[in-house]
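Worksheet: the structure to be examined is printed underneath.
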Amino acid sequence: MSKLLEISDLKIEARGGDGWNEIVKGVGLQVARGEVVGLIGESGAGKSTLGLAAMGYVKPGLRIAGGSIRFDGQELVGAPESMLRDLRGRRIAYVAQSSAAAFNPAWRLIDQHCEGPVRHGVMSRAEAQAEAVALYRQMRLPDPETIGFRYPHQVSGGQLQRAMTAMAMACRPDLIIFDEPTTALDVTTQIEVLSAIRDAVRDHGSAAIYITHDLAVVAQMADRVKVLLKGTEVEEAPTREMLANPQQDYTRSLWAVRDFRPSPRDPATSAEPILRIENVTAGYGALPVLRDVSFSVARGRTVAVVGESGSGKSTTARVIMGLLAPSQGRVLFEDQPLAAPGRQRPRDLQRRVQMIHQMADTALNPWHRVRDVIGRPLEFFLGLRGAAKEARIRELLAEIELEPSQFIDRLPGELSGGQKQRLCIARALAADPDFIICDEVTSALDQIVAEGILRLLDRLQREMGLSYLFITHDLATVRSIADEVVVMQQGRVVEQGPKDEMFTPPHHPYTELLLSSVPEMDPDWLSRLLEQRRAAVGKGDAA
Amino acid sequence: MTRLSPIPRLILRRLATGLLTLLIVSAIIFWAIELLPGDIATEILGQSATPETLAAFRERFGLNDPPMIRYLHWLGGALTGDLGLSMANQRPIADLLADRATNTFFLAGYAAVIAVPLAVVLGVAAALYRGSMLDRFISNATLTVISFPEYFVAYILILIFAVQLQWFPSLAAVSPGMGLGARLYATFLPALTMVLIVMAHMMRMTRAAIVNLLALPYVEMAHLKGVKRRRVIAVHALPNAVAPIATVIALNLAYLIVGVVLVEVVFVYPGLGQLLVDSVAKRDVTVVQGACLIFAATYILLNLAADIVGIVSNPRLLHPR
């Protein structure tokens, strides 16, 4: 039997400063009808490029330099645009990582859904619309009859991702490419999307390529897994086999990331809190986002604040930084109340509380060189100039493990994601702070890079006695770095305490929900979890 | 309290700021002219300036009142459509301006009706065939035209179409009783000059606004759904580029009205621009004030319209959660 998709020895090149560089280096991929193949690897491994190539598509600036892509017997490399256009959307569909960006903001969901089937002449608009409602229902979207008539911004992220999966299925394609469809979602939302995608793919008998950097996710979704590294294939095996017995060191190292533990604490220093938040209520306009939030951070320790998006984590950070004035309550730093807005604080106090943002990309001015990024706080807070400043910049670069002579004159655009985040850390360190808020600093990074950042933060904490408030929605990160955990839901603190207590039952129901939603490596985890939850709901109904 | 949905509320707020801006501009116009050196009465009366005629002139135009009173008087009149009398020929300014403004708006409208659709279509085409010969030709041709001063473009057009080919008149002579066809024919060359002047800017902005969007995920998504390239640009990119394009169109429409003094002079077209030039030469300050006020109002109104188009084209504002 011939395969549905057969990619062999595919080479894809990217235009660089000095000609064309190979980014996919002779990779093969086979997908049978109805089969789900997982592609995993770090960013830059070429997963998405390979996934898109299965549609005969490469992003602008890339070109297919060699090899063959056969879909259902047809060669796609060098095929005319009209033939590829006919396949795309109709027989091969794509689900993008960020559905918020991949839906056109100007059109209603259903208009975008129906565009494919109507343009390809598969269905009339009325049929496509009826189909859409059926698919929305199958994807377990709320109000399937009417949700399509909303605009993308009127629908939540998890719902949008399911609507996009529904859109991909509009023409009943033979193959669907899922490009990190749940990476941008909260763990609790991720479960709903994963289960909806899995059931829909099974019911329709579509084949799928599932691209992710999360092994635990791919374990739930894929029949077979292929591991990529820097554009080459590392290994490929049926999912269970790969999880039980990875052959290559690199694959094993992907597993190991989750085992990071912070350095041991000196119990003697644990005494006094450096920062206390007391009964803070704050919000935008009349609606409070934070309600009566209280917790404290001990000197030299890490407090992790966890919760879904919208739970008030980042607003808490804004209140501490003085970007948002609380309507009630106060924030104390070493028992001194912190003024709000923050610019009214004495400069020395501003210096001692620093923040690192989630998106290092947007937190750096693209026209400031590394030297300027770090030099600015050195000048502003510490009054360093000239040679003293230069020396300190180099020291800080060495501190964040970037070779000073190599990096000092670079622009942010010339750094990788992990290097940018390191630069942001150096910028915070330049102020010589005592307390740093880390707002989802590893969320945009893949696991290996993220682990490097966590190790760096841990070492800096040990060496400089820093205190961290670590905001994250990733419980694996919490497990590895936190001393204390604060769980937030809808602007309230629902549970707080030392990490070990938080991760041992009994839990607050919300903490339980969060913890149980973190995907595990076990391929049966999702099915088992869904069954348990269904049983629990059933019991609840009976009682 | 009545609750307005966000759109009307935003539009009302913009209208209010527009009116406030106009008020500030009116004050600036008035005081700027007030600051002109020399005595207006003496300048205008020239050789016939005897103490008696001067006193009578000042009396007639209220020049003896303090400036604040005169400003409020002028503003009050302007609000009711009465801009006072021309100092040079004692005719009511409103009548004088009405004719000229009609001519200017006619010419601007004529040019706009040609230039705006053409610029948008060419901009879309240039974005669609980005990097092709067509794209380069459109960009270079329009750029070449705006690189010349507008009177130069006007003279070249006269040379070719009026002198050599003798297709169109070189003087855009219009009279109140003229039919539309004759008027369009008479004003074709000035209109064409203005089309060439404003096209490049609008066309390049349309192209840039669309090209900006082409790298976005939803445009890629449309390609991956198998949508034709032409449709991707027209249906997926263009609606999201409306706001920046509208802003540029408004700026250029405003330029068609307030910036075409030279074109009017070259073609001896009886529009506002020429009136303004004449009045400045004659020191007819009341007419200058009136004309400036019309220019300012046009500018503000057009920008306001662009703002409103921007608001209405934003689905986040049009369809709140």
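In what follows, chains are A, B, ... by sequence order, proteins preceding strands, each numbered from 1. Computed over heavy atoms, backbone and side chain alike; hydrogens, waters and symmetry mates excluded. Bear in mind that the values here come from a model prediction, so they are computed numbers and not experimental data.
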Task: Winner by heavy-atom pair count (cut-off under 4.5 Å) against chain B, out of Gly116(A), Ala101(A), Gly89(A) - done: Ala101(A)
Task: Ion pair Arg231(B)/Glu115(A), N-O distance below 4.0 Å - done: yes
Task: More than 12 heavy atoms of other groups within 6.0 Å of Arg15(A) CZ - done: no
Task: chain A contact via Val235(B) - which portion, at a heavy-atom distance below 4.5 Å - done: both
- [ ] Evaluate whether atom CZ of Phe137(B) has more than 12 neighbouring non-hydrogen atoms of other residues, nucleotides or ligands under 6.0 angstrom away.
- [x] no
Task: Side chain proximity check, Pro315(B) to Trp107(A), heavy atoms < 4.5 angstrom - done: no
Open item on the list: Looking at Glu414(A), I want to see if its CD is surrounded by more than 12 non-hydrogen atoms of other residues, nucleotides or ligands under 6.0 Å.
Closed with: yes
- [ ] Could you tell me which portion of Glu81(A) (side chain, backbone, both or neither) has an atom closer than 4.5 angstrom to a non-hydrogen atom of chain B?
- [x] neither
Open item on the list: For Arg119(A), is the CZ atom crowded, meaning more than 12 foreign heavy atoms sit under 6.0 Å from it?
Closed with: no
Open item on the list: Can you tell me which portion of Phe103(A) sits under 4.5 Å from chain B's heavy atoms? Options are side chain, backbone, both or neither.
Closed with: backbone
- [ ] Can you tell which part of Ala93(A) gets under 4.5 Å to a heavy atom of chain B, answering side chain, backbone, both or neither?
- [x] neither
Open item on the list: Is Leu224(B) in contact with chain A via its backbone, its side chain, both, or neither, using a 4.5 Å heavy-atom distance?
Closed with: both
Task: Interface moiety of Ile177(A) toward chain B, non-hydrogen atoms closer than 4.5 Å - done: neither
Task: Heavy-atom pair with the smallest gap, counting every atom of Tyr218(B) and Pro105(A) - done: CE2-CD, 3.4 Å
TODO: Among the options Lys228(B), Arg229(B), Lys225(B), pick out the one with the most heavy-atom pairs lying under 4.5 Å from chain A.
DONE: Lys225(B)
Open item on the list: For a quick test of reading the model, state the closest non-hydrogen atom pair linking Arg85(A) to Val227(B) and the distance between them.
Closed with: CD-O, 3.6 Å
Open item on the list: Check this for me: Phe106(B), atom CZ, are more than 12 non-hydrogen atoms of other residues, nucleotides or ligands nearer than 6.0 Å?
Closed with: yes
TODO: Using the side chain to side chain donor-acceptor pair (under 3.5 Å) rule, take Glu220(B) and Tyr94(A) through it: C-alpha gap first, then chi angles, then the decisive distance, then the call.
DONE: CA-CA 10 Å; Glu220(B) 182 173 67; Tyr94(A) 180 71; 4.9 Å; no
